[in-house]
Amino acid sequence: MGFWRIPLDTTDIDIARGRVHILEERCKGCGYCIEFCPKKALAFSSKFNQKGYHPPYMIKPDECVNCHYCEIICPEFAIFSVEVEPAEEKQA
Amino acid sequence: MKPAVLTGEHYMTGDEACAEGALAAGCLFFGGYPITPATEVAERMSARLPGVGGTYIQMEDEIAAMAAVVGASCAGVKSMTATSGPGFSLMMENIGLAVCTETPCVVVNVQRAGPSTGLPTMGAQGDMMQARWGSHGHYDIIALAPSSAQEIFYQSILAFNLSETYRTPVLIMTDEVVGHMSERVIIPDAKEIKLMSRPTPKVGKERFKPFAPAENGVAPMANAGEGYKIHVTGLTHDEKGYPVMTVDAQVSMMERIMNKFAKNLKHILRTESHRIEDAEIVVVSYGVSARTALAAVEDARERGIRAGLLRLITVWPFPSEMICSLAARVKGFVTVEQNLGQIHLEVQRAAAGKAPAYLAGHAGGSLISPEQVLDVIEHGF
Amino acid sequence: MNPKDQNKYEEPNMVDTPLHHPLDDLLRTDRIPHIWCPGCGIGTAFSACLQAMRTSGLDLEKTVMVSGIGCSGRGAGYVKLDSYHTTHGRAIPFATGMKLANPDLNVVVFSGDGDLFAIGGNHFIHAARRNMALTVVCVNNFTYGMTGGQVAATTPYQAKTTTTPRGNHEAPFNLPLLAYASGATLIARWTILHARDLTECLKQALQHSGFSFVEILSPCPVNYGRRNRQSALDMLKMFQDKCIIQNNASPADLEMDFAKRIVLGKFVHVQRPTCIETYDKTCRLADFSKGKAA
Ligand code: SF4
Ligand code: SF4
């Protein structure tokens, strides 16, 4: 996606970074978080949870922009993202 | 501004006395829907409630009226409605909800002749079995039967007291004649009226279980907005109020609901006896028919027949044990009611063949005459 | 991506996962997972509702959820607030009684299309007419899910259900139009896919003083989608393709026809005295305003 003009402060603005947490046992494998993640950062894992569903996992953890969309589209309260502080990110 | 308790001597109809009794009992919500011959209860409440801090609302049908009553009671307010046969049928759904969720509320049925639309302006007592079993599933219920305007005033108070004490719907099964007849009604001083309120939680918010019975079988009740964060459902539920779809949960929920009545029967059951100590023939009656029955008993005594009257104040629960022990010593029973045999069947059941039981009944629309009852007393045995 | 991170995420493990979802404090977590099927949108609609409650600024101790019967009607059973799961179609009159008895309560009705608009339709129109201060959230999944997928008053024309095996020959309701004609003072329609707009709108609905109505289009993959060759994802993609957002659109233009386009948005947001306000003004003397004895 291209901007018709680049905002002057682009270089000063930190893009939000997020970390996704998954409560695997709650997942029913609907795939909404995977399908509608704007960064396509999630994928089904190969493992099964107790109910026999494949919970998602982060295939591209660095891409998460903490938009919370997986969190709000998930019907199962099974996934959420939290903001990663830039400092924390450097440490890690 | 008129107070909730209109202390003094009045001349009013049974319907009006019913409303006044409810107000004296602390009723602050009425969900109504017009129907003959119960409309006057709603009219009186619509005029009186806003003046005592309560609310009247006329709902879109009797289903909604009853649902609103249960909702209002869950919010902590003493609530009632009044209707007649056709509306009573529609209310059964949410009377069942009140039974299952153990929500106190009062339903008045000013009975008219049925089935269906029947005789809207003429009385009957044809809904007595519907009162007992009208909502689906097995349950116990309290149903009162007033004989006069004065009595309906007191029974309105009693109905609220029983309903709050035992967390159950209470039905007042009156009829068109009592409802529309004007009589003297004496309303006592507010201080002389004993009022009961639902039992309140005794443990902290985290530990509270809305359906865990106390010693008397009745669970303390938390109202909406009090911070207990309770869940209430018409599904089979455990003591926490959570739905549990198992046989065990069903059995123990039913046990809890039925136990409230079993444990407290002697506090709930009410009858009134007139000359039954030496009676050979016991006339059983309730509501307006008991007035006829009383006249017939007096007439019979004049003719040398030892008759007595057992008047049911609570038709439900029914005094089975009392009838059973009477059956051992009397010549027989005559049940006087304005239907073709409903409580009569109960008397027969309780007498268990130990004494014969006859019916002096009427299809509805007209009172039974004392002569008709006397005829059964004289020639039945 | 640094290899250490990759390891951490490749095999998902519970060690890294804090136990609490941000909405857990509003959930009866001892009842989760809920009964809704995989891919059912009710969970998303419910989650949006909880998030809206959380951000609405309402006193949640005084906030009550009332549901009727059906899949969506199970909502009340999962919220950790005072919650009432009532009879089929009667959530609105129950809520009406509750609100009138204690006007300090915020009463939210969360239920489904069959419950609110077939068996409960009469109650809906009258509560809207009265401008009863309730928030009515309707999950519209076009069918009776709980009983196995029968035709509803909202089933699209020609759709297959267990009781319309050759297709539905009846026309579905345009619910916002019905709400508008009845007098509702806040009316909106969203889908679960539009979760962000939906949550914001639900928040406004909760804060609205009168009768608010939010319709949420939602997939029932198991009992509706399956018979119409539509997976949960298919339906969400259809929402993506067919829905346009047009706030303030005329309620008459909101017919439900997936062959054309479905209009979403907030259509009505007006102020009108509520039932309680008009009752106090008309029926009470000054001493007795606010529903409480002086
Ligand atoms: S949206 Fe939720 S339930 Fe669906 S796959 Fe993702 S985590 Fe699992
Ligand atoms: S039957 Fe349909 S509506 Fe009900 S839980 Fe399943 S998917 Fe959802």
Side-chain angles (χ1 to χ4, degrees), chain A residues 17-36 38-39 41-64 66-84 88-92, chain C residues 1-2 4-14 16-24 26-29 32-48 50-52 78 139 191-200 218-219 221 231-237 239-240:
Chain A
R17 287 262 294 111
R19 176 174 292 136
V20 165
H21 297 279
I22 298 161
L23 288 94
E24 296 176 350
E25 290 309 328
R26 288 185 180 179
C27 173
K28 291 182 190 162
C30 69
Y32 289 173
C33 55
I34 297 167
E35 180 69 28
F36 296 106
K39 292 290 179 185
L42 287 150
F44 280 120
S45 66
S46 56
K47 72 189 274 187
F48 291 100
N49 67 11
Q50 264 176 27
K51 293 213 169 217
Y53 299 109
H54 295 288
Y57 78 110
M58 281 302 268
I59 191 168
K60 293 185 273 184
D62 293 339
E63 301 266 308
C64 176
N66 197 33
C67 74
H68 295 288
Y69 194 77
C70 56
E71 180 179 324
I72 60 180
I73 195 73
C74 174
E76 304 295 333
F77 305 93
I79 186 167
F80 61 96
S81 65
V82 291
E83 193 175 343
V84 178
E88 193 186 326
E89 197 182 351
K90 269 169 212 132
Q91 272 173 21
Chain C
M1 191 188 299
N2 98 35
K4 217 170 99 213
D5 266 4
Q6 208 171 0
N7 274 342
K8 191 158 82 189
Y9 281 100
E10 198 115 79
E11 273 312 302
N13 71 70
M14 297 294 290
D16 190 49
T17 305
L19 289 167
H20 300 293
H21 185 278
L23 288 171
D24 272 5
L26 278 176
L27 281 174
R28 296 189 190 274
T29 46
I32 299 291
H34 51 60
I35 61 157
W36 298 314
C37 305
C40 174
I42 298 171
T44 306
F46 187 64
S47 165
L50 297 191
Q51 180 63 25
Y78 298 114
V139 181
T191 81
I192 61 150
L193 187 71
H194 300 77
R196 229 180 274 280
D197 296 299
L198 168 64
T199 307
E200 172 54 31
S218 168
S231 71
L233 272 177
D234 291 343
M235 183 165 280
L236 259 56
K237 283 181 182 152
F239 289 164
Q240 212 167 17

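Values in this document were obtained by computation on a predicted structure and should not be read as measured data. Excluded from the calculations below are hydrogen atoms, water molecules and symmetry mates; all remaining heavy atoms, backbone and side chain alike, are included.
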> Among C/R196, C/K237, C/Q240, C/Q51, which residue forms the greatest number of heavy-atom pairs with chain A at distances under 4.5 Å?
C/R196
> Using a cut-off of under 4.5 Å for heavy-atom pairs, which of C/D24, C/L23, C/I192 has the most such pairs with chain A?
C/D24
> Checking side chain to side chain contact (heavy atoms under 4.5 Å, CB included) against A/F77, which of C/L50, C/T29, C/L26 comes through?
C/L50
> A/Y69 versus chain C, heavy atoms under 4.5 Å apart: side chain, backbone, both or neither?
both
> Would C/H21 and A/H21 satisfy side-chain contact (heavy atoms from CB on, under 4.5 Å), going step by step from the backbone distance to the final call?
CA-CA 9 Å; C/H21 185 278; A/H21 297 279; over 6 Å; no
> Where on A/A78 is there a heavy atom nearer than 4.5 Å to chain C: the side chain, the backbone, both, or neither?
backbone
> What pair of heavy atoms forms the shortest contact from A/K28 to C/C37, and how long is it?
CD-C, 4.4 Å
> Given heavy-atom pairs under 4.5 angstrom as the criterion, report whether the side chain, backbone, both or neither of C/L198 touches chain A.
neither
> Between atom OG1 of C/T44 and atom CD1 of A/I72, what is the distance when rounded to the nearest 0.5 Å?
9.5 Å
> Give me the atom names and distance for the closest heavy-atom approach of A/P75 to C/C40.
CB-O, 3.4 Å
> Which one of C/L236, C/I42, C/I32, C/T199 has the most heavy-atom pairs closer than 4.5 Å to chain A?
C/L236
> Checking C/A232 against chain A: side chain, backbone, both or neither under 4.5 Å from a heavy atom?
both
> Could you report the tightest heavy-atom contact between A/E76 and C/W36, atom names first, then the distance?
OE2-O, 4.1 Å
> Write down the atom of A/F80, the atom of C/P22, and the distance for their closest heavy-atom approach.
CG-CD, 3.4 Å
